[in-house]
Amino acid sequence: MTGNVIINNLPFLMHGLFVTLKVAFISIILSMLFGTVLGVARFAKIPLLSLVVGLFIDITRAVPLILYIIFIHFSISPYLYEHACFVNYLGINCLEMFSAVLAIVIFTSAYIAEIIRSGLASIENEQILAAKALALNEYQTMEYIILPQAITRMKPSLCAQFITLVKDTSLASAIGLIEFTRAAEIVYETSLHEFQILSFVALVYITINFLIHKILVNS
Amino acid sequence: MYGLDFSILSENYKTIFAGISMTVLVSSIASVIAFVLGTFFVYFRISPNESVQKIMDFLVSCIRNMPLLILIYLFYKGLPSIGIVFSAFVCGVLALGIYTAAYISDALLSGIYAVPKEHFQASKALGLTRIQSFLYIIYPQALRHCVFILGSQFMNLIKNSSLVSFIAVADTFYVVYKGMADSYRIYEYFILAVVVYGSLTLFVLLVTNILQKNYKLPAAEVRV
């Protein structure tokens, strides 16, 4: 009986899951990109730029994501979506998805920037001096000395951040994007098997995050 | 040209103030629940019985890997369908507390690992029971090792408390969202929310810094 509810609505739920994974995937790629730029900008101590970037990162980290999603959906996103046709090539095909991706990318890149910055800062100064003594130039120091160590140290935090991002996509249900959580909501509102469906949804999220953890930790 | 007009906030100061106090109330009760539950979790996670350890580890990683929104819905909409009914406020606080407890138990676990092994053995040699040695010897030191991580978890808790508005607990985010929808004064309400959440997290950060300065233990020396 209860199994039937899930099986009967499986195509709909799977469509929601697909949207969730799509949003998560696009957001991970874009926020890695922007996060690295912001993190390096803050790390490099360029006079005005680092200050502005630091302020942006600190404010973003102090505010809940849901507020960002609502704010961006209500304010700038409709205007941007009309004029930014290129987002269609990313697979974003509705305004809600655009707002969700935009908000999650802005939010997560602030966190990733901090991870990148702390990873770069964790490399001891002696190593840079030693690299200089070995007559490596700045680029070589970055490529052979700093980055390999920094990436190893950043990996666990980045993995945790990606898992947080996948969990955060559930907040996009607030603006009506039919992703996994919203799809499940629609199903249990019509079928009244809340507990079973919500447990199923939780189980799927847990499985996805376990998989991400396994893939990233073992890579 | 859109001009900022903050009179909308002063007109609704009563609702806004009620929302802020609800956020403070929810997050303070949830912090207490999270702290106590997290301590329980970590006590069982270092239990000598390996199966208890495995079960608790699994439970904690399950809670950490599911979205908070789903946990809140499970309490608010899932439990009534199997006959357990709580009010929205209780559901929100409980879900928030349990969710953060998983994170706090991880933070405490890292603190416990920082306590040298000899302390366990010494407390055993003094004839303390397991609970006594945990409460009087290990736990106080572990707390002092992980002040900053605990602080950041409490900051996360304050931010996550905005999700209780999904089950109609009228906290700051709920008031802001309603204000945005009713008056369409988006920017004013957004700035209000940034200021409120920013100052709440800043307050926790300052307290954490003071505690860190006064109570942080130096890291144990590394022995190879």
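All chains are named by letter (A, B, ...) in the order of the sequence lines, taking the proteins before the strands, and each is independently numbered beginning at 1.
- Nearest heavy-atom pair, Asn65(B) versus Asn209(A), reported as atom, atom and distance to 0.1 Å: O-ND2, 2.6 Å.
- For Leu74(B), the parts sitting under 4.5 Å from any heavy atom of chain A are the backbone and the side chain alike.
- Only the side chain of Leu163(B) has a heavy atom closer than 4.5 Å to any heavy atom of chain A.
- Taken to the nearest 0.5 Å, the CZ atom of Phe200(A) stands 11.5 Å off from the CD1 atom of Ile70(B).
- Note that CD1 of Ile72(B) and CG of Leu198(A) are 12.0 Å apart. Values are rounded to the nearest 0.5 Å.
- For Ile29(A), the side chain to side chain contact (heavy atoms under 4.5 Å, CB included) criterion is met by Phe25(A), not counting sequence neighbours.
- For Arg64(B) against Lys167(A), the heavy-atom pair with the smallest separation is O-NZ, 2.6 Å.
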Starting from the C-alpha separation in whole Å, work towards a yes-or-no answer on side chain to side chain contact (heavy atoms under 4.5 Å, CB included) for Phe173(B) and Ile70(A). CA-CA 10 Å; Phe173(B) 175 70; Ile70(A) 297 287; 3.6 Å; yes
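- Across Leu65(A), Ile66(A), Val63(A), a single residue satisfies side chain to side chain contact (heavy atoms under 4.5 Å, CB included) together with Ser162(B), and that is Ile66(A).
- Proximity to chain A involves both the backbone and the side chain of Tyr73(B), based on heavy atoms less than 4.5 angstrom apart.
- Both the backbone and the side chain of Ser199(A) come within less than 4.5 Å of a heavy atom in chain B.
- In terms of heavy-atom pairs under 4.5 angstrom with chain B, the leader among Phe210(A), Phe74(A), Phe71(A), Tyr188(A) is Phe71(A).
- Across all non-hydrogen atoms, the minimal contact from Glu194(A) to Lys77(B) is CB-O, 3.2 Å.
- Listed by first and then second residue, the salt bridge (charged side-chain N to carboxylate O under 4.0 Å, His left out) pairs involving residues 67-81 of chain A amount to none (not counting sequence neighbours).
- Pro64(A) places none of its side-chain heavy atoms less than 4.5 Å from the side chain of Asn160(B).
- Among the residues in residues 179-209 of chain B, those with a non-hydrogen atom closer than 4.5 angstrom to a non-hydrogen atom of chain A are Met180(B), Tyr184(B), Ile186(B), Tyr187(B), Phe190(B), Ala193(B), Val194(B), Tyr197(B), Gly198(B), Thr201(B).
- Heavy atoms closer than 4.5 Å to chain B are found in both the backbone and the side chain of Ile206(A).
- Considering every non-hydrogen atom in both Ala174(A) and Phe166(B), the closest pair reads CB-CZ, 3.5 Å.
- The heavy-atom pair separating Leu69(B) from Ser173(A) by the smallest distance is CD2-OG, 3.8 Å.
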For residues 20-31 of chain B, please give each side-chain donor-acceptor pair under 3.5 Å, one per line with the distance, not counting sequence neighbours.
from     : atom 1 : to        : atom 2 : distance (Å)
Ser21(B) : OG     : Phe17(B)  : O      : 2.9
Ser21(B) : OG     : Ala18(B)  : O      : 2.9
Thr23(B) : OG1    : Gly19(B)  : O      : 3.4
Thr23(B) : OG1    : Thr172(B) : N      : 3.0
Thr23(B) : OG1    : Thr172(B) : OG1    : 2.6
Ser27(B) : OG     : Thr23(B)  : O      : 2.4
Ser28(B) : OG     : Val24(B)  : O      : 2.6
Ser28(B) : OG     : Leu25(B)  : O      : 3.1
Ser31(B) : OG     : Ser27(B)  : O      : 2.4

